[in-house]
Amino acid sequence: MKRSPQAGEGEAPETQAAVLDRWTGGKTGAQKEGMEWIDPHVHILPPRRMAGLVRWVRKFTPGFPVSEEITPEEIVSALRESGIRLFFNLVFPLWEEETEELNRFNRDLCSGIPEAVPFGSLHIETPNKEKETRRCIEEYGFLGMKLHPYAQRFPAFDDDMRPMFEVLNEHQRPFLVHTGFDVFYGMYMDLQKMERVLGEYPGMQVVAVHALFPRFRLAHRLLSEYDNFWLDMTNSISCMRIYEDLKVKGDPRPPVAESLEVEDVEENYPWFRRLFEDFSHRILYGTDFPVGFGYHHALWEDLRYFGFGEAIERDLLGGAARNLLERCGFGHLMPR
């Protein structure tokens with residue numbers, strides 16, 4: 001896979017080595033132990049958007065080695081090397097004008113990749129949200145829809161989005177939505193509106209991407225009360241490992257700790273563990289590949305660090321995704 005020419009420049013040798021190791025492809029411990037990994041959070045985007053995403057990640061990840069020119073072929077090759085048998089490819093328009101183009105891109109891309117499961121998206125300014133959602137679900141055959149309200153700069157659970165909710169509820173399909181990391185993004189979600197939507201559209205499977213980080217107590221309650229609520233732990237498990245390292249090292253805390261919401265993490269920490277003990281069958285483990293906190297081998301190590309045990313690990317890596325697909329009538333997509 002191409003590396004950025006700036007990768008590691010200006011960093012200490014040990015820092016460079018640590019960064020490069022986390023973003024180096026290769027087999028994972030999950031493969032070696034015969035665990036199936038379904039990645040519900042991958043971004044293969046058109047070249048302009050892919051380059052923009054890489055540039056954005058580089059702003060806060062010193063030495064980030066992924067090239068702005070990374071291609072879909074390289075990403076798929078790396079996923080296969082990591083043993084990913086199925087993945088959800090997620091797109092989202094930053095402007096209304098690119099909505100239909102992005103959804104067509106994902107349709108065409110995923111039609112040629114057996115492992116790829118496409119999701120559609122909308123913008124709050126999309127004039128006919130029901131029509132575009134039906135196009136994605138009924139014509140293109142997408143599994144569901146995805147919104148990133150912080151990047152897209154609009155509220156995901158606004159009344160304007162109800163036409164999309166109604167179609168997803170009708171077809172009992174998933175709605176993947178970015179949640180959490182409020183301090184990092186400097187934005188906040190109306191969680192009361194989110195819960196109201198959960199109750200009003202019981203057929204729509206709401207997957208809280210990043211698991212409301214760090215509001216794990218709330219996540220546990222919602223899992224307890226709504227069987228159409230799911231979590232995707234993308235980046236959250238890695239951040240909890242960073243938190244554990246911070247506890248060992250103590251103060252002074254590095255700048256990254258500010259966006260980790262350390263005080264809130266401490267308050268929610270017991271509920272982090274309880275999530276997996278009580279609801280691992282509805283918790284997925286995505287990666288943000290090829291960005292996020294590293295490639296699959298590094299994220300496997302982050303998961304293994306917590307010692308949840310084999311049964312929970314199997315749920316996070318594949319079992320919960322199977323459950324979601326089967327609930328939505330897409331069990332036939334599962335690898336055999």
Side-chain angles (χ1 to χ4, degrees), residues 30 35-43 79 84-92 106 110 113-121 133 136-138 140-148 156 164-165 167-180 194 197-199 201-212 219-220 222-237 275-289 296 299 303 308 311-336:
M35 292 192 183
E36 175 182 70
W37 196 339
I38 297 166
D39 191 338
H41 197 125
V42 170
H43 295 294
L79 286 164
I84 303 304
R85 302 284 304 282
L86 204 72
F87 67 90
F88 298 175
N89 197 55
L90 310 180
V91 300
F92 51 89
N106 212 18
C110 294
I113 303 171
E115 304 97 322
V117 179
F119 275 68
S121 191
T133 305
C136 289
I137 300 300
E138 298 174 358
Y140 294 170
F142 289 0
L143 176 58
M145 303 293 283
K146 158 70 188 285
L147 293 181
H148 193 322
M164 181 185 75
F165 301 153
V167 175
L168 293 176
N169 189 66
E170 173 188 338
H171 290 276
Q172 300 189 57
R173 297 299 183 81
F175 170 40
L176 273 60
V177 57
H178 173 102
T179 65
M194 181 186 75
V197 167
L198 273 170
Y201 298 96
M204 179 173 69
Q205 308 303 304
V206 177
V207 182
V209 177
H210 309 299
L212 302 176
H220 189 277
L222 294 175
L223 285 166
S224 301
E225 296 181 11
Y226 301 93
D227 68 359
N228 61 326
F229 185 67
W230 306 68
L231 300 180
D232 166 18
M233 298 302 299
T234 294
N235 298 342
S236 293
I237 285 176
L275 285 174
F276 306 104
E277 294 167 2
D278 297 340
F279 296 107
S280 64
H281 61 288
R282 277 194 276 144
I283 303 177
L284 299 80
Y285 188 27
T287 65
D288 247 339
F289 194 81
H296 291 84
L299 302 181
L303 173 60
F308 293 132
I312 289 175
E313 289 171 354
R314 286 189 181 277
D315 272 351
L316 267 66
L317 295 178
R322 277 185 178 272
N323 294 338
L324 178 64
L325 288 167
E326 288 172 359
R327 182 173 297 191
C328 297
F330 272 64
H332 62 280
L333 294 181
M334 292 302 305
R336 302 300 178 188

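By convention here, the first residue in the shown sequence is residue 1. Just so it is clear, the structure is predicted and the values come from calculations on it, not from any experiment.
- Defined by atom type and a distance below 3.5 Å, a donor-acceptor pair is present between the side-chain atoms of His41 and Asp232.
- By the 4.5 Å heavy-atom criterion applied to side chains, His171 and Met204 are not counted as neighbours.
- Leu303 has its side chain within reach of Leu317: a pair of non-hydrogen atoms, C-beta onward, lies under 4.5 Å apart.
- Salt-bridge annotation for Glu36 and Arg322: present, with a side-chain N of the basic residue lying under 4.0 Å from a carboxylate O of the acidic one.
- Residues passing the side-chain hydrogen bond (donor to acceptor under 3.5 Å, both in side chains) test with Asn89, sequence neighbours excluded: Asn106.
- Gln172 and Arg327 share no side-chain donor-acceptor pair at under 3.5 Å.
- Note that OH of Tyr285 and CG of Asn235 are 8.5 Å apart. Values are rounded to the nearest 0.5 Å.
- Ring centers of Phe119 and Phe142: at least 6.0 Å apart, outside the cut-off.
- Residues meeting the side chain to side chain contact (heavy atoms under 4.5 Å, CB included) test with Ala320, sequence neighbours left out: Leu284.
- Counted by atom type alone, Thr287 and Asp39 present one or more donor-acceptor pairs between their side chains at under 3.5 Å.
- Residues His210 and Ser236 meet the side-chain proximity criterion, which asks for heavy atoms closer than 4.5 Å.
- In this structure, the side-chain hydrogen bond (donor to acceptor under 3.5 Å, both in side chains) partners of Glu170, at least two apart in sequence or on a different chain, are Arg134.
- The side chain to side chain contact (heavy atoms under 4.5 Å, CB included) test with Trp230 singles out one residue from Leu176, Ile283, Asn323, and that residue is Asn323.
- Under the 4.5 Å side-chain criterion, counting only non-hydrogen atoms from C-beta, Val207 is not in contact with Phe88.
- By the 4.5 Å heavy-atom criterion applied to side chains, Ile113 and Phe87 are counted as neighbours.
- Remark: Leu316 CG to Met35 CE distance equals 10.5 Å, nearest 0.5 Å.
- The closest side-chain heavy-atom distance from Arg173 to Phe175 is not below 4.5 Å.
- Taking CG of Leu275 as the reference point, atom CG of Leu223 lies at 6.5 Å (rounded to 0.5 Å).
- Separation of atoms CZ (Phe279) and CG (Asp227) is listed at 10.5 Å; rounding is to 0.5 Å.
- The aromatic rings of His43 and Phe92 stand perpendicular to each other, their planes meeting at an angle above 60°, with 30° marking the opposite boundary.
- With values rounded to the nearest 0.5 angstrom, Ser280 atom OG is found 12.5 Å from Arg314 atom CZ.
- With contacts defined as side-chain heavy-atom distances shorter than 4.5 Å, the pair Leu143/Pro118 does not qualify.
- Considering only heavy atoms from C-beta on, Ile84 stays 4.5 Å or farther from Ile38 through its side chain.
- Taken from CZ in Phe289 to CG in Leu90, the straight-line distance is 13.5 Å, to the nearest 0.5 Å.
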